Amino acid sequence: MVEVVFDILTHDPDCAARRGRLVTAHGTVETPVFMPVGTQATVKSLTPDELQSLGAQILLGNSYHLHMRPGADRIGRLGGLHAFMQWPRAILTDSGGFQVFSLARINQIEEAGVTFQSHIDGSRHLISPETAVQIQLQLGSDIAMVFDECNSYPVSYQYAQESMQRTVRWAARSKAAREHGDQALFGIVQGSVFVDLRKACLEQLEAIGFDGYALGSLSVGEPKEEMLTVLGTITPLMPVSRPRYLMGVGTPEDLVEGVRAGIDLFDCVMPTRNARNGMLFTAHGSIQIKNSAYADDDGPIEEGCACYTCQRFSRAYLRHLFVARELLAYRLNTLHNLHYYLQLMAAMREALEHGRFEGWRRAFLKARQR
RNA sequence: GGAGAGGUACCCGAGUGGCCAAAGGGAGCAGACUGUAAAUCUGCCGGCGAAGCCUUCGGAGGUUCGAAUCCUCCCCUCUCCA
């Protein structure tokens, strides 16, 4: 089997950004990259063919949700997640660590792992570092994440420290549990907004040794300044030769700042969820398509946008579909937003290739002032 | 012609002496959303506004300290009988 290999093609001369290439058994991923979120073995409302047409190179799947339904063992029997959902390109799976945060009301954290009370039927399930690795092995993702605890914000220094240390212990157990070298395993740096905890966590994870390193528990409610401080301080300390993944982030601006700090992989539900909630991204900021201002607007979401939606449909039509709760609204909006996100990443990769990322970034920020 | 039911805010619809500027829906308007329990959630929704004040429950009178609610007359709608 082919191991996941990461090469850096160019470093930007003016900042920490880099243009890289991640080779997986399911294709090459050009970085920096945005991974659309396909929690339940689907990027909501789109087909795999549409995702490929949009230029998606790698998707994110979720261990917790697929374990609960339909079951990772079942997906394994059915040929793995790629075959199951008919996605031929790369997949990264989250370990369920985010659900420790998002489903905090129905779980209990212990040293052994986290006991979830299923949000589907109330039954109890222990997810441990070992089971999280096992689940992801059954899913057959190209990149697996260690089982961690995603912290909420704010948390006390003491809790952040205890949680971080437990996440490190869990990371070591995850590494020990991994059997196959053809599935990459990434460690996750925790420590909330406390930079010294983040540094200590990263050092310990490096000592264990992972194929890539991620920043977790960011954009969970902390002030943007805090997020940028952690991002700007910790990212440069992460191993240069390994892929760096900023988990769950973020807005278009966040992606640009992340790339600038040296991040290679991103994922976020924002383009897909917000699309379903009527918020559409453009170079000049976002719009709420349901606003009455668009009722008679015969122009596209964004002038010059090459996406399917903008090539054919007016804002007035999209507003109508959304207000009428027509299913097509969710699809068309999602197509546009993902196109925007993926094109944004492609534009950054191109700027990096030409060594002019900073100039590109200034133009990006200027356009959003309008 | 007779018997009965009913007219409440943009629409539907609760309320039948004070806790009512009036429940609840819907529509409308706006906002939020960051490793997805999300096609979800939140706010506003008579007027001016900080408190507060003003106008409002088909119309006009009346009873009462106080009326969407009780009384009188009028207008209109619906159902059944002839």
Side-chain angles (χ1 to χ4, degrees), chain A residues 34-46 58-66 68-69 91-107 116-122 132 136 141 143-153 167 186-190 212 214-224 227 231 245-255 257-258 263 265-281 286-295 319 321-334 337 341:
Chain A
F34 177 80
M35 303 183 280
V37 177
T39 302
Q40 304 206 70
T42 170
V43 174
K44 296 184 193 302
S45 86
L46 300 188
I58 173 170
L59 301 183
L60 182 136
N62 184 276
S63 299
Y64 169 83
H65 287 284
L66 295 173
M68 292 299 174
R69 182 171 56 194
I91 295 175
L92 178 149
T93 43
D94 186 28
S95 60
F98 184 71
Q99 279 65 43
V100 179
F101 158 79
S102 66
L103 300 179
R105 288 174 301 286
I106 59 171
N107 68 44
F116 290 88
Q117 190 161 7
S118 166
H119 68 284
I120 299 168
D121 64 7
Q136 293 178 87
S141 54
I143 301 171
M145 301 303 297
V146 298
F147 189 58
D148 69 324
E149 177 188 353
C150 179
N151 289 137
S152 57
Y153 178 88
T167 284
F186 283 18
I188 304 175
V189 178
Q190 294 294 354
L215 281 172
S217 302
L218 287 177
S219 288
V220 288
E222 78 283 3
K224 189 72 85 179
M227 193 274 272
L231 176 67
Y245 169 25
L246 178 56
M247 304 185 79
V249 175
T251 65
E253 293 89 339
D254 291 340
L255 300 188
E257 293 313 304
I263 295 292
L265 296 94
F266 302 85
D267 81 280
C268 191
V269 304
M270 190 167 277
T272 45
R273 175 187 290 169
N274 288 25
R276 297 191 306 279
N277 293 332
M279 177 177 162
L280 303 172
F281 293 93
S286 61
I287 68 169
Q288 299 268 4
I289 196 62
K290 71 179 173 185
N291 284 179
S292 57
Y294 305 120
R319 177 180 191 271
L321 290 182
F322 186 78
V323 169
R325 294 171 153 84
E326 279 292 337
L327 297 183
L328 186 57
Y330 309 118
R331 283 174 44 67
L332 294 178
N333 290 349
T334 301
N337 276 357
Y341 263 62

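A quick note: this is a predicted structure, and the numbers were derived from the prediction, not measured. Side chains are part of it too, since the values below use all heavy atoms of this structure and drop only hydrogens, waters and symmetry mates. Within every chain, numbering begins at 1; the chains are lettered A, B, ... in the order of the sequence lines, protein sequences first and strands thereafter.
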Engineer: What pair of heavy atoms forms the shortest contact from A:Ile120 to A:Met68, and how long is it?
Structural biologist: CD1-CB, 3.9 Å

Engineer: To the nearest angstrom, how far is A:Leu218 atom CG from B:U34 atom C1'?
Structural biologist: 10 Å

Engineer: Rounded to whole angstrom units, what separation is found between the CE atom of A:Met68 and the P atom of B:U36?
Structural biologist: 14 Å

Engineer: Which base sits across from B:U56 as a Watson-Crick or G-U pair, both distances under 3.5 Å?
Structural biologist: none

Engineer: Using the P atoms only, state how far B:G58 lies from B:A3, rounded to an integer number of Å.
Structural biologist: 24 Å

Engineer: Side chains of A:Ile58 and A:Ile143: closer than 4.5 Å at any heavy-atom pair?
Structural biologist: yes

Engineer: Starting at the 5' end of RNA chain B and moving along, which residue's nearest nucleotide shows up first, A:Arg325 or A:Gln190?
Structural biologist: A:Arg325

Engineer: In whole angstrom, what separates A:Phe101's CZ from B:U34's P?
Structural biologist: 8 Å

Engineer: Under the 3.5 angstrom rule, does the side chain of A:Asp267 hit a backbone N or O of A:Val37 as a donor-acceptor pair?
Structural biologist: no

Engineer: Using atom C1' in both nucleotides, what's the gap between B:U63 and B:C11 to the nearest angstrom?
Structural biologist: 35 Å

Engineer: Contact class for A:Val323 (heavy atom, under 4.0 Å): base, sugar-phosphate, or nothing?
Structural biologist: sugar-phosphate

Engineer: Taking C-beta and beyond as the side chain, do A:Asn151 and A:Gln190 meet within less than 4.5 Å on heavy atoms?
Structural biologist: yes

Engineer: Between B:U77 and B:G59, how far apart are the C1' atoms? Round to whole Å, please.
Structural biologist: 15 Å

Engineer: Classify the nucleic acid contact of A:Arg69 as base, sugar-phosphate or nothing, counting any heavy atom under 4.0 Å across all strands shown.
Structural biologist: nothing

Engineer: The side chain of A:Asn291 is closest to which nucleotide in this list: B:A37, B:G35, B:A30?
Structural biologist: B:A30

Engineer: For a quick check, tell me whether the side chain of A:Lys290 and the base of B:G31 share a donor-acceptor pair closer than 3.5 Å.
Structural biologist: yes

Engineer: Out of B:A32, B:U34, B:U36, which nucleotide sits closest to the side chain of A:His65?
Structural biologist: B:U36

Engineer: Rounded to the nearest Å, what distance is computed from the CD atom of residue A:Glu253 to the P atom of nucleotide B:C33?
Structural biologist: 12 Å

Engineer: For B:U77, which nucleotide is its Watson-Crick or G-U wobble mate, given both distances must be under 3.5 Å?
Structural biologist: B:A5

Engineer: I'd like the P distance from B:G66 over to B:G6, given in whole Å.
Structural biologist: 28 Å

Engineer: Could you give the CG-to-P distance, from A:Leu103 to B:A37, as a whole number of Å?
Structural biologist: 5 Å

Engineer: Between A:Tyr64 and A:His119, what is the ring plane arrangement, given parallel below 30°, perpendicular above 60°, and tilted in between?
Structural biologist: tilted

Engineer: Could you tell me how far apart A:Asp121 (CG) and B:A37 (C1') are, to the nearest whole angstrom?
Structural biologist: 13 Å

Engineer: Counting side-chain heavy atoms from C-beta on, which of B:A37, B:A39, B:G35 comes nearest to A:Cys268?
Structural biologist: B:G35

Engineer: Using the C1' atom in both, what is the distance from B:G47 to B:U55, to the nearest Å?
Structural biologist: 7 Å

Engineer: Given side chain to side chain donor-acceptor pair (under 3.5 Å), test A:Thr334 with A:Asn337 step by step and report yes or no.
Structural biologist: CA-CA 5 Å; A:Thr334 301; A:Asn337 276 357; over 6 Å; no

Engineer: Looking at B:U42, which nucleotide sits across from it as a Watson-Crick or G-U wobble partner, both distances under 3.5 angstrom, or is there none?
Structural biologist: B:A30

Engineer: How long is the line joining CE of A:Met270 and C1' of B:U36, in whole Å?
Structural biologist: 12 Å

Engineer: Would you mind classifying the nucleic acid contact of A:Asp254 as base, sugar-phosphate or nothing, using non-hydrogen atoms under 4.0 angstrom?
Structural biologist: base

Engineer: May I ask which nucleotide in the shown strands pairs with B:A82, Watson-Crick or G-U wobble, both distances under 3.5 Å?
Structural biologist: none

Engineer: Can you tell me the distance, in whole Å, between the CD1 atom of A:Ile289 and the P atom of B:A39?
Structural biologist: 19 Å

Engineer: It should be established whether A:Gln99 places a side-chain nitrogen or oxygen under 4.0 Å from OP1 or OP2 of nucleotide B:U36.
Structural biologist: yes

Engineer: Would you indicate what A:Ser45 reaches in the nucleic acid, counting non-hydrogen atoms under 4.0 angstrom: base, sugar-phosphate, or nothing?
Structural biologist: nothing

Engineer: Let's test this: given Watson-Crick or G-U wobble pairing with both distances under 3.5 Å, identify the partner of B:A67.
Structural biologist: none

Engineer: So, is A:Asn62 near the phosphate of B:U36, with a side-chain N or O under 4.0 Å from OP1 or OP2?
Structural biologist: yes

Engineer: Using the P atoms only, state how far B:G62 lies from B:U56, rounded to an integer number of Å.
Structural biologist: 15 Å

Engineer: Between B:A30, B:A37, B:A39, which nucleotide gets closest to the side-chain atoms of A:Ser292?
Structural biologist: B:A30

Engineer: Return the 5'-most residue of the pair A:Ser102, A:Met279 with respect to RNA chain B, ranking by each residue's nearest nucleotide.
Structural biologist: A:Met279

Engineer: Considering only atom P, compute the distance from B:C76 to B:A82 and round it to an integer number of Å.
Structural biologist: 25 Å

Engineer: Touch check for A:Ile120, heavy atoms < 4.0 angstrom, all strands: base, sugar-phosphate only, or nothing?
Structural biologist: nothing

Engineer: Taking atom C1' in both B:G18 and B:C29, compute the distance separating them and give it to the nearest angstrom.
Structural biologist: 34 Å

Engineer: Is there a side-chain contact between A:Arg273 and the phosphate of B:U34, meaning an N or O under 4.0 Å from OP1 or OP2?
Structural biologist: yes

Engineer: Would you call A:Tyr245 and A:Met145 a side-chain contact if the rule is heavy atoms closer than 4.5 Å?
Structural biologist: yes

Engineer: With the side chain of A:Leu327 defined as its heavy atoms from C-beta on, choose the nearest nucleotide among B:A39, B:U34, B:A37.
Structural biologist: B:A39

Engineer: Looking at A:Leu60, is its backbone amide N or carbonyl O close enough to the side chain of A:Asp94 to form a donor-acceptor pair, meaning the two atoms are under 3.5 Å apart?
Structural biologist: no

Engineer: Does A:Asp148 get its side chain close enough to the base of B:G35, under 3.5 Å, for a donor-acceptor pair?
Structural biologist: yes

Engineer: Nearest to the side chain of A:Asn277 - B:U36, B:U34, B:U40?
Structural biologist: B:U40

